[in-house]
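Just below is one structure, and these are the notes that go with it.
This is a predicted model, so every value here is computed, not measured. What you see below is based on every heavy atom in this structure, not just the backbone, and it leaves out hydrogens, waters and symmetry mates. Naming: A, B, ... by sequence-line order, numbering from 1 per chain.
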Amino acid sequence: MSKVITIDPITRMSGFLEITAKVEGNLVIDASTSGLLFRGFEKMLRGRSPLDAIYFTERICGICSTAHGMASTLALEDALKVFPNENDKYIRDILHGFEFLQNHIRHFYLYVIPSYVKLPDIHPISPQDSKDFRLPNHLNERISKNYIKAIEYSRLAHEGLAVLGGKAPHNHGIFVGGVTVNIDAYKLEKVKSIISKIKEFSNVMLEDAYIIAKYYPDYFKKGITYPYFMSYGVFNNYHEKELIYANPGVSIDGKTYELDSNKITENIHYAWYISDKNVKRPGEDIEYQVDISKKKAYTFIKAPRYEGLPMQVGPLARLIINGEYKGGNGTMDRIIARAIETKRIAEIMEILCQKVEIKNNNQEIYSMPDKAYGVGLIDTTRGALGHWVSIENKVIRNYDIITPTMWNLSPKDEKGLYGTTEKALVGTEVKNTEDPIELGRIARAFDPCVSCATHVIVEGREPIEIRVL
Amino acid sequence: MKQEIECPLMPCKESTAKLLSEEAIALIREGKAKKINAMWLEVTGCSGNIISFLNGENPGLDYVLTQLINLTYNNSLMGEEGEKAFQIFLDTLDTEFILLVDGAVSTKDNGLYNIVAKHKGKNITALEAVKMAGEKAKYVLAVGTCASHGGISAARPNPSGSKSVKDVLNREVIRLPGCPCHPDWVTGTLAHLVAHGKPELDSLGRPIIFYGATIHDSCTRRGYFDKGIFAKKLGEKECMFKLGCRGPVTRTDCPRRKWNGYVNWPVEANTPCIGCAQAYFPDGMEPFVRY
Amino acid sequence: METYSNSEKLKEIKEKVNRNCYYRKSMRYTSCPIQIAYYENLLYTDMMNALKSITEIYRHIDKENIKINSRQTKEFTLEELSNYDGTMGKPAYVAVNGRVYDVSNEATWGGASHFGLIAGKDLTSQFNGCHGNLGILSNLPKVGILKP
């Protein structure tokens with residue numbers, strides 16, 4: 001007898017996510033993830049001044065705004081043929097690094113932990129009504145205390161960001177040509193002291209991740225998805241090779257290949273859009289219309305594919321492609337990879353701080369060409385983020401964005417291939433269909449951000465019931 | 001023709017967010033004020049305001065949640081998920097509570113571009129949720145520029161039909177614009193509501209303590225402006241008025257309060273203010289940079 | 001030509017001031033009251049003449065300024081106006097109802113842009129559609145008129 005479970009809202013994530021799972025016996029035989037927020041940034045950006053895109057696209061997401069600022073800046077630098085110098089790149093990466101630290105600490109403690117640890121009853125963080133809390137009391141207490149500390153350390157990460165970028169979230173400071181801050185000894189020292197505090201905490205966080213893994217070892221086997229990973233590279237654009245963290249690349253069935261961004265396509269088959277072309281390449285100027293009455297569509301998220309394959313992006317993908325993680329592809333692997341990455345990035349930021357020289361910034365006056373095209377690809381907190389901008393008559397003609405969550409939370413494509421998270425959910429054993437805590441745990445490990453994924457614009461028509469499988 | 005204008009901020013200079021909160025908490029302990037319920041409803045926005053709220057320092061998040069308000073519902077923090085989470089929302093409606101709305105309200109196609117929950121098989125749109133809670137709340141706070149004035153969610157051509165909270169509710173709404181809203185502005189207003197009721201609001205419904213004067217009034221680079229010394233590009237230390245700084249038309253206390261532990265603000269990062277707390281952000285504040 | 005006579009006048013005043021020093025020295029070296037009275041009279045006459053010259057110079061400068069100001073009712077074509085768009089250090093001019101105003105230092109015109117409008121244009125219809133109250137313009141410096 002099959003039963004349909006719908007969980008909406010999936011709380012403790014950025015944006016609005018609904019999971020629908022068809023369960024037979026206790027096994028999930030079909031699943032779909034729906035992004036339920038639409039604002040339309042790509043259409044909003046048309047006709048605006050290109051330099052404004054940096055601040056504008058930051059507002060796509062509140063927890064990873066620096067990521068969009070970076071990608072937008074890289075796309076504009078590509079279009080305007082501007083090349084920042086090494087020092088500015090270090091400072092920019094330190095800024096970006098703080099966003100990583102803030103996001104990973106908040107994701108682990110505020111978003112993931114409440115499903116595994118019985119936290120004290122402080123509203124709204126009161127524990128889920130579930131029987132599956134396995135930690136002994138003393139470990140429960142330890143992690144609850146660290147939850148409170150995490151609030152302070154993630155706040156500190158944003159403070160470090162603000163020292164260089166003015167404020168966080170939605171920072172300034174990153175701009176075409178490099179950065180706008182004039183780094184001085186005080187700012188550098190302050191930033192260094194914050195990094196060292198967070199690095200110490202990242203050791204604690206890694207320990208907590210291993211504690212969770214010890215008591216929930218079945219989650220190494222739950223949430224296994226396609227063995228396809230992708231990274232656009234991050235902390236990699238340096239002259240010194242030993243500083244590089246993640247180079248661009250893809251890993252398919254255990255083998256690593258060079259990244260070819262021309263193999264990326266966007267598919268709207270199961271999304272609420274209609275267009276002349278169901279499949280397009282990012283950067284192609286093709287109009288979409290929204291249509292909520294479209295049959296079989298169930299999400300606002302488009303389905304990106306690399307060579308037709310649904311890719312997984314994020315900390316696990318980066319660590320598998322650069323060879324630093326030798327584990328598996330399950331939920332717990334994702335959580336541990338994120339904790340490992342937090343520590344790694346804190347270490348990288350420390351080295352970058354030592355390399356930064358006290359020099360003024362290199363800002364110039366940037367004039368807009370009449371026609372230009374630029375691509376900004378960078379791996380960020382949740383994975384691979386790409387901005388494609390085309391400029392005509394000195395204003396933005398077309399702006400395409402493919403966010404990491406579009407990859408991870410993608411719907412099915414026209415071939416019927418599940419998206420990455422959908423595949424992770426299918427085959428899961430749900431112990432108690434009245435308390436399907438497994439589904440939320442698996443989804444959250446991907447660190448979804450639906451504010452990012454559903455920015456496409458749509459013109460709606462008749463409202464329609466979302467059909468449950 | 002000189003007019004004697006009294007600075008609207010004089011009486012407010014004594015009340016910082018921290019002082020207000022401590023006062024409120026003391027009153028709660030003495031039983032003179034009640035720890036009131038609150039719901040933070042994230043809707044058509046980027047959820048940047050809740051992240052900013054998590055960045056609060058004086059007082060910080062744990063203090064606010066344990067001592068100041070009883071936050072029952074918030075998509076980013078709450079333990080429960082699915083139907084059980086939305087049930088908490090419905091249960092809070094029957095009590096006395098403060099509603100904080102984070103993000104604009106999408107109205108296109110009856111709000112179907114933003115679904116916040118599924119209840120008994122039916123989609124609950126952001127529009128419905130805001131109306132349900134807004135009608136019953138003791139106070140409604142529109143946190144952030146999107147909730148206060150439409151903001152970026154409503155930027156031309158406004159594909160999602162986003163509107164400000166005031167435009168969809170038929171009642172008084174306290175506006176706390178800012179992109180994002182500074183955590184002190186939220187905490188300070190909450191503390192004031194708990195301890196003293198509604199703070200003094202200006203003609204747009206913003207608390208005068210925080211939004212009484214423009215950035216230009218207390219800008220750290222005002223000396224350069226007054227002497228006509230202007231920066232020619234970003235990254236310089238002079239006044240950036242000629243580059244498009246919106247300080248003169250934006251009302252917040254960014255230059256004095258600063259951000260993230262009071263360390264810095266956009267102008268001192270050598271970039272002009274983009275007027276993110278202004279009612280016409282972003283369309284009316286563009287171009288942000290013009291050489 | 002008239003500035004030449006201004007500097008002649010100023011030269012005269014300077015000579016008078018020098019002479020005053022001589023008169024005051026002479027007054028000190030005599031005790032005769034009639035001599036002292038005589039020098040005092042000379043001083044007084046010189047001072048009054050100098051004041052008269054200074055007043056004339058001021059009046060003349062004022063007249064010149066008014067001439068310069070009225071000569072500056074510059075006429076702008078729309079194409080000329082478009083050069084004053086406030087970019088790259090250029091002044092920012094805006095035309096409303098046929099008059100050209102300088103908004104370079106107007107607080108609401110940061111970056112020579114105002115709520116989506118750019119300087120260097122005729123913004124009469126936008127102004128009337130939004131403000132309609134000419135009082136706002138009265139404080140703006142006027143730099144000319146739009147060529148009809």
Working for side chain to side chain contact (heavy atoms under 4.5 Å, CB included), residues E58(A) and C46(B): CA-CA 9 Å; E58(A) 279 186 345; C46(B) 70; over 6 Å; no
From CA spacing to verdict: side chain to side chain contact (heavy atoms under 4.5 Å, CB included), I115(B), F16(A): CA-CA 7 Å; I115(B) 311 280; F16(A) 305 93; 6.0 Å; no
Pair V163(A)-N264(B), side chain to side chain contact (heavy atoms under 4.5 Å, CB included): steps then yes or no: CA-CA 6 Å; V163(A) 168; N264(B) 204 359; 5.5 Å; no
Working for side chain to side chain contact (heavy atoms under 4.5 Å, CB included), residues I125(A) and L65(B): CA-CA 10 Å; I125(A) 310 162; L65(B) 292 183; 4.0 Å; yes
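Using a 4.5 Å cut-off between heavy atoms, F281(B) contacts chain A through its side chain alone, with no backbone atom that close. The contact between Q102(A) and chain B is made entirely by side chain atoms (from C-beta outward), counting heavy-atom distances below 4.5 Å. Only the side chain of V263(B) comes within less than 4.5 Å of a heavy atom in chain A; its backbone stays farther off. With a threshold of 4.5 angstrom between heavy atoms, S126(A) approaches chain B through N, CA, C or O but not through any side-chain atom. Only the backbone of V43(B) has a heavy atom closer than 4.5 Å to any heavy atom of chain A. Of the two parts of S153(B), the backbone and the side chain both hold a non-hydrogen atom closer than 4.5 Å to a non-hydrogen atom of chain A. Interface remark: L119(A) contributes no atoms to any contact with chain B (heavy atom separation under 4.5 Å). For I63(A), the parts sitting under 4.5 Å from any heavy atom of chain B are the backbone and the side chain alike. Looking at S52(B), both its backbone and its side chain come within 4.5 Å of chain A, counting heavy atoms on both sides. For P127(A), the part lying near chain B is the backbone, with the side chain staying farther off; criterion is any non-hydrogen pair under 4.5 Å. At a 4.5 Å heavy-atom cutoff, the contact between I148(A) and chain B is made by side-chain atoms alone. Residue C254(B) does not touch chain A at all, counting heavy-atom pairs closer than 4.5 Å. With a threshold of 4.5 angstrom between heavy atoms, D283(B) approaches chain A through its backbone and through its side chain. Contacts of L51(A) with chain B are made by side-chain atoms alone, with heavy-atom separations under 4.5 Å and no backbone atom involved.
A donor-acceptor distance shorter than 3.5 angstrom exists from the side chain of T180(A) to the backbone of A269(B), with no hydrogens or angles considered. In this structure, T11(A) contributes its side chain and E80(B) its backbone to a donor-acceptor pair below 3.5 Å. At least one donor-acceptor pair closer than 3.5 Å links the side chain of R59(A) to the backbone N or O of C179(B). Side chain of R12(A) to backbone of M78(B): a donor-acceptor contact under 3.5 angstrom is found. Looking at N75(B), its side chain never comes within 3.5 Å of a backbone N or O of S14(A) through a donor-acceptor pair.
Nearest heavy atoms, E159(A) versus E57(B): OE1-OE2, 4.4 Å. The nearest pair of heavy atoms linking Y73(B) to P9(A) is OH-CG, 4.2 Å.
We find the CZ-OH distance between R39(A) and Y113(B) to be 14.5 Å, quoted to the nearest 0.5 Å. Between M44(A) atom CE and I152(B) atom CD1 the span is 7.5 Å, to the nearest 0.5 Å. Atom NZ of K118(B) and atom CG of L36(A) lie 7.5 Å apart (nearest 0.5 Å). The NE2 atom of H119(B) lies 13.5 Å from the OG1 atom of T6(A); values are rounded to the nearest 0.5 Å. Summarising the geometry, atom CG belonging to N361(A) is positioned 7.0 Å from atom NZ belonging to K233(B); distances are rounded to the nearest 0.5 Å. Taken from CG in D109(B) to CH2 in W272(A), the straight-line distance is 11.0 Å, to the nearest 0.5 Å.
In the displayed structure, K187(A) atom NZ is contacted under 6.0 Å by more than 12 heavy atoms of other residues, nucleotides or ligands. For K232(B), the NZ atom counts as loosely surrounded, since its 6.0 Å shell holds 12 or fewer non-hydrogen atoms of other residues, nucleotides or ligands. A 6.0 Å sphere centred on CZ of F133(A) holds more than 12 heavy atoms belonging to other residues, nucleotides or ligands.
A 4.5 Å side-chain heavy-atom check between L54(B) and I151(A) finds every atom pair outside the cut-off. By the 4.5 Å heavy-atom criterion applied to side chains, Y366(A) and V289(B) are not counted as neighbours. Contact of the Y111(A) side chain with the S76(B) side chain is registered, since non-hydrogen atoms from C-beta on lie closer than 4.5 Å. Residues S49(A) and E286(B) are not in side-chain contact: their nearest non-hydrogen atoms beyond the backbone lie 4.5 Å or more apart. Between D8(A) and F86(B) there is no side-chain heavy-atom pair separated by less than 4.5 Å. Side-chain atoms of K237(B) and N182(A), non-hydrogen and from C-beta on, never get closer than 4.5 Å to each other.
Across R156(B), E83(B), E268(B), E42(B), the residue that shares the most heavy-atom pairs under 4.5 angstrom with chain A is R156(B). Among P287(B), A117(B), G261(B), A155(B), the residue with the largest count of heavy-atom pairs under 4.5 Å with chain A is A117(B). Of the listed residues (L110(A), D129(A), I10(A)), the one with the most heavy-atom contacts under 4.5 Å to chain B is D129(A). Among V181(A), I365(A), N360(A), the residue making the largest number of heavy-atom pairs under 4.5 Å with chain B is I365(A). Chosen from N158(B), I274(B), I69(B), the residue pairing most often with chain A at heavy-atom distances under 4.5 Å is I274(B). When each of S130(A), P169(A), A162(A) is checked for heavy-atom pairs under 4.5 Å with chain B, P169(A) comes out on top. Ranked by heavy-atom pairs under 4.5 Å with chain B, the list M13(A), R106(A), R48(A), E364(A) is led by R48(A). Between chain A and the residues P282(B), A126(B), C276(B), G45(B), the largest count of heavy-atom pairs under 4.5 Å involves G45(B). Considering only heavy-atom pairs separated by less than 4.5 Å from chain A, the leading option among G235(B), G103(B), G48(B) is G235(B). Note on L243(B), L234(B), D62(B): by heavy-atom pairs under 4.5 Å with chain A, the leading option is L234(B). Ranked by non-hydrogen atom pairs under 4.5 Å with chain B, the options G166(A), G173(A), G62(A) are led by G166(A). Of the listed residues (H170(A), R46(A), K190(A)), the one with the most heavy-atom contacts under 4.5 Å to chain B is H170(A).
Tested against N55(B) for a side-chain hydrogen bond (donor to acceptor under 3.5 Å, both in side chains), the candidates R155(A), H158(A), K167(A) yield a single pass: H158(A).
At a cut-off of 3.5 Å, with distance as the only test, a side-chain donor of H123(A) or N70(B) sits close to an acceptor on the other residue.
Between F56(A) and F288(B), a ring centre-to-centre spacing not shorter than 6.0 Å is recorded.
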